Amino acid sequence: MKVFINKRIPETGITMLEKAGLELIFPEKENLSYEEWINYCKNTDTILNVGGDFKYDRHFFDTCPNVKAIALYSVGFDHVDILEATQRNIPVGNTPDVLSRATSDVAFLLMQSVARRASYNFQKVKDDHWESFDPLHALGQELYGKTLGIFGLGRIGYEMAEKSKKAFGMNIMYHNRRPNEEAEKELGAKYVSFEELVKNSDVLSIHANFTPEQKELFNASIFEQMKPNAIFINTARGGFHNQKHLYQALVDRKIWGAGLDVTNPEPMPADDPILALSTVCILPHIGSATVEARNGMARLAAGNIIAFSNNEKMPYCANPDVYSHHSS
Ligand code: 8YV
């Protein structure tokens, strides 16, 4: 069985696939164009997909009818039309859990970096602008006892809430598709409406799966309702926020700061004025960029491909319905 892998992943995953006797196909060059990528996909049975550059939409599935399974090297699957894949009996694997610590660490890091204007101050040192001590200049804010609002309390959101509670005694509230009993019991997390979350969070951190209906959910009218001291954190998907509105909300002091590991668009232009603000910290989508997380992702993605090649269910599948569909 042929497996097309569009970018190198950690060796641990490659070794698993080789040991399973699968034929691995790597592109001849980095950064394929859409046409080049499609040509590889047309001639393969399965894909181990790295990154979110190309969309798996109806056009893709029509053009590449040989593709029988896709294993994503990501937990997010917003670049895949899951309904379309399911209708065509194509399982789509993903990589949950193994990156929850690393990604929530980045949310936690951004929260602190923004609260203490770390990026701005680091830039001052680099620019040789270390000025004489000023008791009033560019003060930060402390997080002790503040309220953290989690939008989407799954595995990553839980880890962020737990760290914030342990470190700063933060009160946790959350908005989710359904209540999270464990978070309520272990962290005293309180389920609130979206409106309450927006109005009462000192820090609002997004940890939900992105769907097209949620495109730019966080826009001017939402920032308007937030607390003036609020810090907005997005480590999920850039599509959740309107970045121009976010900039304006910061300039107009509707909210206090923003920490982003995902931007809109992505990559974002280096001349975006938001980068000049002192209560902003922006990272280039590094949530899962640790050796531990990336090795874990490689093992799960390879395991999904191997399971498929053995006619077994993918252990981590974004569309498990595909299996009930098969047997009916
Ligand atoms: C990846 C991610 O870096 O898992 C996800 O959903 O966003 C990150 O782990 C990104 O998707 C590239 O594959």
Side-chain angles (χ1 to χ4, degrees), residues 3-14 17 26-27 30-32 34 37 40-41 46-57 60 69-82 85 92-110 150-160 205-212 214-215 233-241 243 259-268 282-305 314-319:
V3 187
F4 171 51
I5 311 180
N6 59 311
K7 281 186 186 174
R8 291 300 298 192
I9 60 165
E11 274 312 304
T12 179
I14 304 293
L17 294 165
F26 291 98
E30 281 179 27
N31 302 322
L32 300 175
Y34 182 78
W37 172 72
Y40 278 104
C41 296
T46 63
I47 300 173
L48 198 158
N49 176 85
V50 186
D53 291 347
F54 303 124
K55 305 279 170 243
Y56 290 90
D57 52 13
F60 169 86
I70 301 167
L72 302 176
Y73 187 72
S74 61
V75 65
F77 44 83
D78 49 302
H79 46 319
V80 182
D81 185 335
I82 287 289
V92 179
N94 70 339
T95 61
D97 303 328
V98 289
L99 45 65
S100 300
R101 274 187 168 176
T103 306
S104 59
D105 284 349
V106 167
F108 189 68
L109 173 160
L110 285 169
I150 302 272
F151 180 73
L153 202 149
R155 293 159 288 230
I156 301 173
Y158 187 96
E159 297 256 356
M160 169 63 172
S205 191
I206 305 180
H207 298 284
N209 279 329
F210 182 70
T211 57
Q214 302 183 96
K215 187 166 183 275
I233 304 289
N234 191 359
T235 54
R237 284 292 179 265
F240 270 116
H241 68 259
Q243 202 150 310
L260 309 175
D261 185 44
V262 290
T263 61
N264 188 7
E266 201 167 289
M268 63 178 270
I282 300 188
L283 300 173
H285 203 145
I286 59 155
S288 67
T290 64
V291 172
E292 292 83 353
R294 292 279 162 89
N295 279 341
M297 292 162 72
R299 282 191 287 270
L300 294 199
N304 276 337
I305 294 275
M314 284 188 177
Y316 299 92
C317 190
N319 59 343

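Indexing begins at 1, ligand by ligand and atom by atom, following the structure's order. The model shown is predicted, which means the values in this text are computed figures rather than measured ones. Numbering starts at 1 and runs along the sequence shown.
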What's the shortest distance from [atom] to any protein heavy atom, and which residue and atom give it?
| atom | result |
| --- | --- |
| atom 12 (C) of ligand 1 | Gly51 CA, 3.6 Å |
| atom 2 (C) of ligand 1 | His285 NE2, 3.7 Å |
| atom 11 (O) of ligand 1 | Ser74 CB, 3.4 Å |
| atom 1 (C) of ligand 1 | Ser288 OG, 3.9 Å |

Side-chain donor-acceptor pair present, Asn49, Tyr56, cut-off under 3.5 Å: yes

Separation of Met297 CE from Leu99 CG (nearest 0.5 Å): 5.0 Å

Side chain to side chain, [X] and [Y], heavy atoms closer than 4.5 Å:
| X | Y | value |
| --- | --- | --- |
| Tyr73 | Leu48 | yes |
| Glu266 | Thr263 | yes |
| Phe108 | Ile233 | no |

Location of contacts on Lys7 toward ligand 1, heavy atoms closer than 4.0 Å: neither

Ligand 1-proximal atoms of Thr103, by part, heavy-atom distance under 4.0 Å: neither

Could you tell me which atoms of ligand 1, counted from 1 in the order shown, lie closer than 4.0 angstrom to a heavy atom of [X]?
| X | value |
| --- | --- |
| Leu99 | 4 (O), 9 (O) |
| Arg294 | 3 (O) |
| Tyr73 | 13 (O) |
| Gly76 | 4 (O), 5 (C), 6 (O) |

Asn94 (side chain) donor-acceptor with Leu72 (main chain) under 3.5 angstrom: no

Expected output: side-chain Gln243 to main-chain Asn264 donor-acceptor under 3.5 Å: yes

Considering all heavy atoms, the nearest Asp57-Asp81 contact: CA-CB, 4.1 Å

Polar contact flag for Val75 and ligand 1 (N/O pairs, less than 3.5 Å): yes

Polar proximity ligand 1 side, Met297 side, N/O cut 3.5 Å exclusive: no

Close approach of His79 to ligand 1, heavy atoms, under 4.0 angstrom: no

Plane angle bin for Tyr40 and Phe4 - parallel if under 30°, tilted between 30 and 60°, otherwise perpendicular: parallel

